[in-house]
**Q** 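Below is a structure I'd like to ask you about.
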Amino acid sequence: MTPDQLADTVTDIIATLVSEGAIPPVDAPEVRFDRPKSREHGDYATNIALALAKPAGMAPRDLAVLVARHLEETPGVASAEVAGPGFVNIRLESAAQGELARTAVTAGNSWGHSDALSGLTVNVEFISANPTGPIHLGHTRWAAVGDAIARVLEAAGADVTREFYINDRGVQMDKFGASLMAAANGRPVPEDGYHGGYILDLAAAIVAARPDITSLPEDKQLVAFREAGYALQLTQQKQVLGLFRTVFDVWFSERSLHESGAVERGMAKLREQGHVFEQEGAVWLRTTDFGDDKDRVLVKADGEYTYFASDTAYYVDKRARGFDLSIYLLGADHHGYVNRLRAVAACAGDDMDANVEVLIGQLVKITRGGEEVKLSKRAGTIVTLDDLVEEVGVDAARYTLSRYPADSPLTLDLEDMVRATNDNPVFYVQYAHARISSVLRNAAELGIDWEGAEFDPSLLDHERENNLLGMIGEFPRVVASAAELREPHRVARYLEDLATAYHRFYDVCWVLPRGDEELAPLHIARLWLCAASRQTIANGLDLLGVSAPERM
RNA sequence: GCGCCCGUAGCUCAAUGGAUAGAGCAACCGGCUUCUACCCGGUUGGUUGGGGGUUCGAGUCCCUCCGGGCGCGCCA
């Protein structure tokens with residue numbers, strides 16, 4: 001029996017109580033069953049009586065007694081007790097609890113998935129780095145978290161598109177080209193250019209592929225370097241992100257917005273909605289109509305489109321492509337964009353609460369041996385995604401970056417990440433998976449067909465088995481809340497607890513027959529529990545883009 | 001100056017208004033003559049930055065102060 005089924009049961013009980021006149025008709029709050037921190041409080045607990053007390057005008061404990069009395073009659077429920085100010089604590093019969101193992105194994109790779117967001121078409125845009133340098137650690141948090149958000153949304157049934165917006169237009173591109181040209185000609189890179197060592201490598205690669213490039217006139221040469229560098233850099237970004245298992249469905253070029261007429265279409269859409277005005281020779285969008293602190297310029301007095309014009313066109317284009325919800329993942333240094341992006345949606349005639357969502361993530365502070373490393377592309381002191389993967393591996397990097405809520409500031413020490421490899425929780429979780437895999441391999445070698453054998457879930461009544469089953473039962477709700485809150489770190493934290501529950505079980509409960517011991521129903525039941533644990537860990541790791549090894 | 005985010009154990013961080021604020025690391029003590037010890041058990045460690053408020057209940061919500069980060073262009 002799952003906690004959600006318990007909740008449904010209580011919803012029915014409340015409806016019954018209302019129809020019997022035991023409690024006044026009220027809008028009942030959503031029923032939730034949680035796993036209490038202390039097992040003395042049972043397998044599950046609900047605060048529904050406390051939440052219902054005020055609207056019903058009754059004492060919480062009186063309500064709790066009514067609910068508990070009905071719950072005790074529910075099949076699978078061993079006991080229901082009222083505790084504290086009005087909590088209802090439930091104990092399940094071990095058979096009802098043990099059924100969770102069958103549920104998880106039967107569901108397989110879709111265990112934990114739901115249809116909570118089915119029908120929702122979501123565009124998740126993240127990283128969106130300039131194509132003027134490698135993906136660095138500042139972007140890497142989003143490479144891990146953005147992809148994990150996409151994965152949990154998919155698990156909740158949403159139709160998700162991962163999108164990378166390429167800022168390939170504007171003065172930064174020209175500075176990039178100028179830097180490459182200077183480097184190729186043995187001249188110092190301009191003060192406001194890009195100074196990383198990668199510029200020299202890129203310049204050399206460009207010259208090698210096209211030796212005559214440096215004999216072009218300066219203006220043509222700059223464009224040639226810019227375009228060649230852009231192509232190489234973009235390819236490199238795609239390749240590195242692919243290595244990191246973050247694969248984008250769409251790489252969207254800012255230039256293409258201008259070339260395809262999308263900018264004009266976006267402007268037309270905004271004009272149609274009546275939020276565009278002209279002042280002092282410039283064209284403005286009245287974003288202050290929707291909570292922005294100042295209006296924004298779309299077209300400068302000199303006739304040039306602003307970057308903001310691209311942003312608005314991009315949003316309108318996303319809508320035209322059929323996305324119900326556009327999620328933007330931005331760094332804290334862009335939090336000033338939140339109001340204007342929301343206002344853009346509203347100016348386009350959309351609902352800024354429903355159609356757009358801006359998630360702000362704090363920046364990652366990088367230290368090396370306790371000393372801060374400044375991530376400056378221009379100063380050339382960057383730590384790239386490439387470096388990180390090479391040093392710690394994809395699994396450790398992805399996991400470490402996605403086990404913290406994105407809105408909490410994070411300090412990572414590079415030396416720690418390398419040295420503390422064995423202490424990284426990702427290995428703890430993966431080890432549990434490998435350990436279970438080993439047990440199941442051994443079972444197969446012993447010729448035990450646990451899947452085909454009779455499974456008696458009531459045999460799983462050991463305290464550690466009960467605890468492990470309870471953890472497994474939480475998985476679908478963890479996934480659902482991770483999707484709903486856009487917080488995939490919940491999956492990681494959950495997996496650590498689940499791994500602990502498994503290791504504790506394993507420590508005390510022997511799974512396979514020993515020596516010439518005969519195969520008993522308990523062995524079978526425990527193998528089901530192992531298989532359910534493994535399936536849950538594997539599915540959870542997959543949501544984070546982390547591998548689930550069979551051996552370690 | 002205005003705005004947003006943050007402040008939890010020595011360190012890095014959890015905790016969807018719920019019961020005694022939890023993990024990992026670090027420190028100390030213990031556990032493998034049968035399924036992976038990358039594991040398990042135990043001990044030490046807190047005025048959740050300070051103060052006030054809201055309520056059955058606040059780390060969580062509101063006000064205020066302190067401290068830190070970031071943002072406030074017809075730049076991109």
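Lettering of chains follows the sequences in order, A, B, ..., and the numbering in each one begins at 1. Note that the coordinates shown come from a computational prediction; the quantities given were computed from them, not determined experimentally.
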**Q** Look at the side chain of H335(A) against the base of rG3(B) and say whether a donor-acceptor pair falls under 3.5 Å; ignore hydrogens and angles.
**A** yes
**Q** When the C1' atoms of rU16(B) and rC72(B) are considered, how many whole Å apart are they?
**A** 32 Å
**Q** Which part of the nucleic acid, if any, lies within contact of N47(A), taking any heavy atom under 4.0 Å across all strands shown: a base, the sugar-phosphate backbone alone, or nothing?
**A** base
**Q** Quote, to the nearest angstrom, the C1' distance that separates rU8(B) from rG46(B).
**A** 8 Å
**Q** Using a cut-off of 4.0 Å on non-hydrogen atoms, how would the nucleic acid contact of Y307(A) be classed: base, sugar-phosphate, or nothing?
**A** base
**Q** When you compare rU64(B) with rU60(B), how far apart are their P atoms, in angstrom units rounded to a whole number?
**A** 16 Å
**Q** Specify the residues of residues 468-492 of chain A, ordered by number, for which at least one heavy atom lies under 4.0 angstrom from an atom of RNA chain B.
**A** S481(A), H489(A), R490(A)
**Q** Can you check the distance between rA21(B) and rU47(B), where both ends of the measurement are the P atom (answer in whole Å)?
**A** 13 Å
**Q** Grab the CD-P distance between Q362(A) and rC5(B) for me, whole Å please.
**A** 9 Å
**Q** Quick one: label E496(A) by what it contacts on the DNA or RNA (base, sugar-phosphate, nothing), any heavy atom closer than 4.0 Å.
**A** nothing
**Q** Over all strands shown, is L298(A) touching base, sugar-phosphate only, or nothing at heavy-atom distances under 4.0 angstrom?
**A** nothing
**Q** Closer than 4.0 angstrom, basic N to acidic O: yes or no for R340(A) and D293(A)?
**A** no
**Q** Could you tell me the separation between the CG atom of L495(A) and the P atom of rC38(B), rounded to a whole number of Å?
**A** 20 Å
**Q** Among the nucleotides rU16(B), rU36(B), rC13(B), which one has an atom lying closest to any side-chain atom of R493(A)?
**A** rC13(B)
**Q** With respect to the phosphate group of rA37(B), does any side-chain polar atom (N or O) of R435(A) fall under 4.0 Å of OP1 or OP2?
**A** yes
**Q** What is the pairing partner of rG45(B), taking Watson-Crick or G-U wobble pairs with both distances under 3.5 Å in any strand?
**A** none
**Q** Base, sugar-phosphate, or nothing for A432(A), non-hydrogen atoms under 4.0 angstrom?
**A** nothing
**Q** How far does the C1' atom of rC5(B) sit from the matching atom of rA9(B), given to the nearest Å?
**A** 24 Å
**Q** Go through rU36(B), rU16(B), rC56(B) for me and flag the one nearest to the R441(A) side chain.
**A** rU36(B)
**Q** Pick base, sugar-phosphate or nothing for R403(A), based on heavy-atom distances below 4.0 Å to the nucleic acid.
**A** nothing
**Q** So what does H41(A) touch, heavy atoms closer than 4.0 Å: a base, only the sugar-phosphate, or nothing?
**A** base
**Q** So, are R403(A) and E487(A) salt-bridged, with charged N and O less than 4.0 Å apart?
**A** no
**Q** I'd like to know whether the aromatic ring centres of Y314(A) and Y165(A) sit less than 6.0 Å apart in this structure.
**A** yes
**Q** Answer with base, sugar-phosphate or nothing: what part of the nucleic acid does R514(A) contact at a heavy-atom distance below 4.0 Å?
**A** base
**Q** Does the ring centre of H462(A) sit less than 6.0 Å away from the ring centre of F505(A)?
**A** no
**Q** Between A83(A) and C509(A), which has a closest nucleotide on RNA chain B that is more 5'?
**A** A83(A)
**Q** When the C1' atoms of rC25(B) and rG67(B) are considered, how many whole Å apart are they?
**A** 26 Å
**Q** Looking at rC38(B), which nucleotide sits across from it as a Watson-Crick or G-U wobble partner, both distances under 3.5 angstrom, or is there none?
**A** none
**Q** Please classify the nucleic acid contact of G515(A) as base, sugar-phosphate, or nothing, using heavy-atom distances under 4.0 Å.
**A** base
**Q** Can E474(A) and R490(A) be counted as an ion pair, charged N to O under 4.0 angstrom?
**A** no
**Q** Would you say Q279(A) has more than 12 foreign heavy atoms packed within less than 6.0 Å of its CD?
**A** yes
**Q** In whole angstroms, how far is the C1' atom of rA14(B) from the CG atom of L410(A)?
**A** 13 Å
**Q** Quick one: on RNA chain B, does R504(A) or Q279(A) contact a more 5' nucleotide (nearest heavy atom)?
**A** R504(A)
**Q** Could you check which nucleotide pairs with rG24(B) in any of the strands shown, counting Watson-Crick or G-U wobble with both distances under 3.5 Å?
**A** rC11(B)
**Q** Quantified in whole Å, what is the C1' atom distance between nucleotide rG51(B) and nucleotide rA15(B)?
**A** 24 Å
**Q** Taking the six-membered ring for Trp, is the centroid-to-centroid distance between H258(A) and Y305(A) below 6.0 Å?
**A** yes
**Q** Going by salt bridge (Lys or Arg N to Asp or Glu O under 4.0 Å), name the residues that satisfy it together with R141(A), two or more places apart in sequence or in a different chain.
**A** none
**Q** Kindly state whether the pair F87(A) / rA19(B) counts as stacked, where counting means centroids closer than 5.5 Å and planes tilted less than 30° apart.
**A** yes
**Q** Under a 3.5 Å threshold, yes or no: a donor from one side chain and an acceptor from the other, between Y428(A) and T500(A)?
**A** yes
**Q** Using whole Å, report how far OH of Y404(A) lies from P of rG24(B).
**A** 13 Å
**Q** Return no unless some side-chain N or O of K37(A) is found under 4.0 Å from OP1 or OP2 of rU20(B).
**A** no
**Q** Taking any heavy-atom pair under 4.0 Å as a contact, classify N89(A): base, sugar-phosphate, or nothing.
**A** base
**Q** What is the distance, rounded to the nearest whole Å, between atom OH of Y399(A) and atom C1' of rU12(B)?
**A** 14 Å
**Q** Taking the six-membered ring for Trp and the single ring otherwise, decide whether the centroids of F475(A) and Y494(A) are under 6.0 Å apart.
**A** yes
**Q** To the nearest Å, how far apart are I48(A) CD1 and rC56(B) P?
**A** 17 Å
**Q** Counting the atoms with a prime plus P, OP1 and OP2 as sugar-phosphate, which does S408(A) contact under 4.0 Å by heavy atoms, base, sugar-phosphate, or nothing?
**A** sugar-phosphate
**Q** To the nearest Å, how far apart are R340(A) CZ and rG71(B) P?
**A** 13 Å
**Q** From C-beta outward on Y337(A), which listed nucleotide comes closest to its side chain: rG18(B), rC75(B), rC35(B)?
**A** rC75(B)
**Q** For rU48(B) and rU33(B), measure between their P atoms and round to the nearest Å.
**A** 45 Å
**Q** For D292(A) and rG71(B), give me the distance from atom CG to atom C1', rounded to whole Å.
**A** 13 Å
**Q** Would you say K300(A) reaches rA76(B)'s phosphate, i.e. side-chain N/O to OP1/OP2 under 4.0 Å?
**A** yes
**Q** If you check the E280(A) side chain, which of rC74(B), rG18(B), rC72(B) turns out closest?
**A** rC74(B)
**Q** Going by ring centres under 5.5 Å and near-parallel planes (under 30°), is Y431(A) stacked on rC38(B)?
**A** yes
**Q** Across the strands shown, which category fits A282(A) at heavy-atom distances under 4.0 angstrom: base, sugar-phosphate, nothing?
**A** base
**Q** Just to be sure I understand the rule, does E254(A) reach a base, reach only the sugar-phosphate, or reach nothing, if contact means heavy atoms closer than 4.0 Å?
**A** nothing
**Q** With a 4.0 Å cut-off, would you call R493(A) and D497(A) a salt bridge?
**A** no
**Q** When we call it a touch if two heavy atoms are under 4.0 Å apart, what does P405(A) touch: a base, just sugar-phosphate, or nothing?
**A** sugar-phosphate
**Q** Would one find a side-chain N or O of Y428(A) under 4.0 angstrom from OP1 or OP2 of rC40(B)?
**A** yes
**Q** Tell me whether the rings of Y502(A) and Y506(A) are parallel (<30°), tilted (30 to 60°) or perpendicular (>60°).
**A** tilted
